[in-house]
Amino acid sequence: MRTKILLDEDAMPKAWYNIQADLPAPLAPPLHPGTGKPVTPDDLAAIFPRELIRQEMATERSIPIPDEVRDILRLWRPSPLYRARRLEEHLKTPAKIYYKWEGVSPPGSHKPNTAVPQAYYNRQEGIERIATETGAGQWGSSLAFATALFGMTCTVYMVRSSYTQKPYRKSMMQVYGAECLPSPSERTASGRKVLADYPDTPGSLGIAISEAVEDAVNHPNTNYALGSVLNHVCLHQTVIGLEAREQLAMEDTYPDTVIGCVGGGSNFAGLAFPFVGEKLRGRYPETDVVGVEPTACPTLTKGLFAYDYGDIAGLTPLLKMFTLGHDFVPPAIHAGGLRYHGVSPLVAHLTDAGAMRAVSYHQNEVFDAAITFARTEGIVVAPEAAHAVKAAIDAAIECRKTGEEKVILFNNSGHGNFDFASYDIYLAGGLPDYEYPAELIRESLAHLPKVG
Ligand SMILES: Cc1ncc(COP(=O)(O)O)c(C=O)c1O
C-alpha cells in the first residue's frame, strides 16, 4: 500500500493539454474594451508575447512544452500524488482520498508551472521586465523566481490586505530580485484614483491588475503577465492533472470526484481539465468535478455569466465569465488568492455547460479543515488550498454516510508557511465569517459594461 505515488522525472508531460479542442461549443471571444469588437492578436501584442497570444487562441489538443521550460520544471516536477490514509482513518470513511501536492515548488505553490513558461516566452521576444499583480503573494513570488532564472526584472503590485497579512511573501520576492509594492499604490494613475476615493481600501486583485497593466503599457520592453484566468495560464497548469492521471493509473484507479479551489481558476483547471476532457469526449461521464470558492467572494455560485472587465479601471479586454462586477471589492478574507470578482472564461463556460459544479464555504470551516489536515497528514496548507481540503473532507464524510467507496482527488495547491498570522487569528477565535455581501454585489453588477 503506497502513500506517495511518484513518477520518474522522464515521465513529466512533454505537452500541455488544451481543453479548447474538446469544448462542446467555442468560447465567447474576448472583446476590445474600447470598440466592443473581438480582440485581435495585434491588440494584445502591446502587453503579451506573440506565442502566449497564439496559445490563448489555440484550438489544437496538445501544445509541446519547450525543453528549456521542462528543464526548469524538473526542479520540482513531477510532483507527488499522496493517498491521505491518516485523514481517511480519522474521518472513518470508506472513500479513498488522493491529493496532488503542488507545495513542493520553490515558491510553494502551483503558480511557477505557468510563471516559468510565461517568463521564457517573454525573454524569447526580448522583454526585460514584467509587471504583474498578486493576491496571496504566491503568484508574485513565482514570477519573481521565474524572471530571475531568465535574467529579467519584475514589478509586483500586491493587494494591500495580503501585503499586510504576509510580509514575508514580499521578502521572498525581494530575495528573487523583484520589486513589490502594496496596491493601490501611488505609482500608477489607477492606484492614485482608488487611494483618493477610498484611502482605507484593503485593495483587490481587480485594482492591482489595473496598476500592472498600466505599468506595462507605459514602459518600453515591459510586458504584463497574469497568474490565472487566461486560457494560456490554465493550459500551462495542466501538467498537474496529466501527471495525476498517470499516477492514479499506477494505482489502477480513476477519480469519481475531482476537487480544486477556485480564485481565477488556474489550479482547478490544471488538475481538472484533463479529467473534464475525458468526460467531454464521452469517457467517464459520471466524474463529479467541483470548484470551491469562499462565501465572501462567490463568483461561480452567485455571480452573473456575462461580459465584464478583468480589472477595476476597465483596461483589460471584456471576458465572458461569471462575475460579481469589476468594482466589487471582496471582504479581506485570509485566502487572498480567492478574492477575485471574475473567473477563467474556460471554467465559466464549463460551469455554464454543466460539465462541473461549484460550492462555497465560510473561512472558519475552511480553517477547521486545514487544522484537521495538518494534524493527520502533517502539511500546513495555504488558506486557498484549504478550501479544496474542506470539500474533500465533506465528500469523504458523505461516503461514510452512504457507505460508498468513492475515489476523491483534490489539488493541494500550496503550502501555508507564510500564512501563520492567519492561523494565529483562527486559533485565537478571532477570524470573522462574512455573510454573502449581497448588497455590494448588487451594486457592482449594476455597473457591468453594456455589450452588443
Ligand atoms: C496556493 C494557492 N492556491 C490557489 C490560488 C487561487 O488561484 P487560482 O484559482 O488561479 O489557482 C492561489 C492564488 O494566489 C494560491 O496562492
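Throughout, numbering of the chain's residues begins at 1 and tracks the sequence. Numbering of ligands and ligand atoms starts at 1, following listing order.
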Does any N or O atom in [X] lie less than 3.5 angstrom from one in ligand 1, N or O only?
| X | answer |
| --- | --- |
| G264 | yes |
| G265 | yes |
| G227 | no |
| W139 | no |

According to the interplanar angle, ranging from 0 to 90°, do the rings of [X] and [Y] count as parallel (below 30°), tilted (30 to 60°) or perpendicular (above 60°)?
| X | Y | result |
| --- | --- | --- |
| Y82 | Y99 | parallel |
| Y254 | Y284 | parallel |
| W16 | H236 | tilted |

Open item on the list: With a 4.0 Å cut-off on heavy atoms, is H110 in contact with ligand 1?
Closed with: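 H110: in contact with ligand 1 (<4.0 Å).
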May I ask whether K111 places a heavy atom under 4.0 Å from ligand 1?
yes
Any heavy-atom pair between the side chains of V217 and I47 that's under 4.5 Å?
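Yes. Closest side-chain heavy atoms under 4.5 Å.
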- prompt: Does some side-chain heavy atom of Y434 sit less than 4.5 Å from a side-chain heavy atom of P330?
  reply: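 A side-chain contact is absent here, since even the closest heavy-atom pair is not under 4.5 Å.
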Hey, are Y98 and Q247 close enough side-chain-wise for a donor-acceptor pair under 3.5 Å? no
- Message: Can you confirm whether the side chains of Q20 and R61 place a donor and an acceptor under 3.5 Å from each other?
- Response: no
Which residue holds the protein heavy atom closest to [atom], what is that atom called, and what is the gap in Å?
| atom | result |
| --- | --- |
| atom 14 (O) of ligand 1 | G337 CA, 3.5 Å |
| atom 10 (O) of ligand 1 | S228 OG, 2.5 Å |
| atom 16 (O) of ligand 1 | Q138 CG, 3.0 Å |

Taking only heavy atoms of [X] into account, list the atoms of ligand 1 that are under 4.0 Å away from them.
| X | result |
| --- | --- |
| A136 | 14 (O), 16 (O) |
| C261 | 4 (C) |
| S413 | 1 (C), 2 (C), 3 (N), 4 (C) |
| N267 | 4 (C), 8 (P), 9 (O), 11 (O) |

Checklist line | N-O pairing of D419 and R169 below 4.0 Å | finding: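 R169 and D419: not salt-bridged.
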Discussion item. Under 4.0 Å between a side-chain nitrogen and a carboxylate oxygen: does that hold for E278 and R281?
Written reply: yes
### Query
What part of L338, side chain from CB on, backbone N/CA/C/O, both or neither, has a heavy atom under 4.0 Å from ligand 1?
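Near ligand 1, L338 shows its side chain, while the N, CA, C and O stay back.
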